[in-house]
Amino acid sequence: MPESLLCGLIGTGIGKSLTPAMHEKEGMEQGLTYQYRIIDLDRRGLTVDDLPRLVETAADLGFRGLNITHPCKQRVLGCLDELSEDAARLGAVNTVVFADGRAIGHNTDWSGFDRNFGRGLPGADLADVVQLGAGGAGAAVAYAMARRGAARLTLVDAEPVRAQQLRDSLSILFPSVEMFASGLDSLGRVLDTATGLVHATPIGMVEHPGSAVPEHFLHPRMWVAEVVYRPAETELLSTAAGVGCRTLSGTGMAVFQAADAFEIFTGRTADADRMIAHMRSLIEHEDRAAATAGALS
């Protein structure tokens, strides 16, 4: 009989997440009986204050692990017995595995971005990287860029204090990286000499259409990497490609962070190419369904 696993995702507004389908499909391909459940705090009338009880209940019910998303990635820390080195350094967890009576926290957001970056932008110039967005996803992405060897990293955010706080924490971890923080008013100036741009804000998502970067700020000497994964090609990526930039979709980050979590849960290597193909088919299916619904309305 194939190994049986039960995992889940805790967060808010996650009813349409593609994570369960990705995990269950890869599990099936590897001969596992794999069930993955959504635990949406909003739909259950719960809050982050219920996290300790939810984590404990999941362990008692035999869950192998949990993925953790907004707004729980920091709050879950107090529910855990141990952290991986990267999760401890980031102060955020998106993957919890239950083993030997202990709840162990990991972070695959940074590794998912890093794997996607290495695959999609090989040889990218990291001399002068600008990152727009210093929130939850931004912290993991900036950590990945510093760890990858960015020589200069400028963090830009609508809330300059948040950018400064992230800059201060990362500077301690990566003293050899020249780091700066600033507000949106400096975006055009810092991008003028940039060799690369990482976009880590919600702008460009289906729910938040548009681009956070004016076209005239872009130039062909820079690459542009996206964190948003739905749609696969955001307005920013389309515009950047039009001016001659190398571009990287956020879809790969979503897949690789799931692949890394799958490996933590199962102890098996996920087939990333297969998972990427499956993710693309899921997105295409949803896009066709949305287009049909729009035509009928």
Could you give the side-chain donor-acceptor pairs of residues 173-191 under 3.5 Å, partners two or more places apart or in another chain?
{"from": "S182", "atom 1": "OG", "to": "S186", "atom 2": "OG", "distance (Å)": "2.6"}
{"from": "S186", "atom 1": "OG", "to": "G183", "atom 2": "O", "distance (Å)": "3.0"}

Of [options], which meets side-chain contact (heavy atoms from CB on, under 4.5 Å) against [X]?
X: Y34; options: H23, E3, E29; result: H23
X: T19; options: I14, I38, T69, N67; result: N67
X: E26; options: E263, M275, H278; result: M275

Can you pull out every side-chain hydrogen bond (donor to acceptor under 3.5 Å, both in side chains) where at least one residue sits in residues 231-246? Sequence neighbours excluded, please.
E226-T234
Pairs in or reaching into residues 206-215: which pass side-chain hydrogen bond (donor to acceptor under 3.5 Å, both in side chains), with residues at least two apart or in two chains?
none
Quick one: are [X] and [Y] in side-chain contact, heavy atoms under 4.5 Å?
X: Q257; Y: N94; answer: yes
X: F98; Y: L66; answer: yes
X: V129; Y: W223; answer: yes

Would you give the length of the straight line joining atom [atom1] of [X] to atom [atom2] of [Y], rounded to the nearest 0.5 angstrom?
X: L197; Y: L236; atom1: CG; atom2: CG; answer: 6.0 Å
X: F262; Y: E24; atom1: CZ; atom2: CD; answer: 11.0 Å
X: L51; Y: L46; atom1: CG; atom2: CG; answer: 9.5 Å

Above 12 or not: heavy atoms from other molecules or residues under 6.0 Å from [atom1] of [X]?
X: R280; atom1: CZ; value: no
X: R119; atom1: CZ; value: yes
X: H70; atom1: NE2; value: no
X: E56; atom1: CD; value: no

Tell me if a side-chain donor or acceptor on S111 pairs with a main-chain N or O of T108 at a distance below 3.5 Å.
yes
R44/D50 salt bridge by N-O under 4.0 Å criterion
no
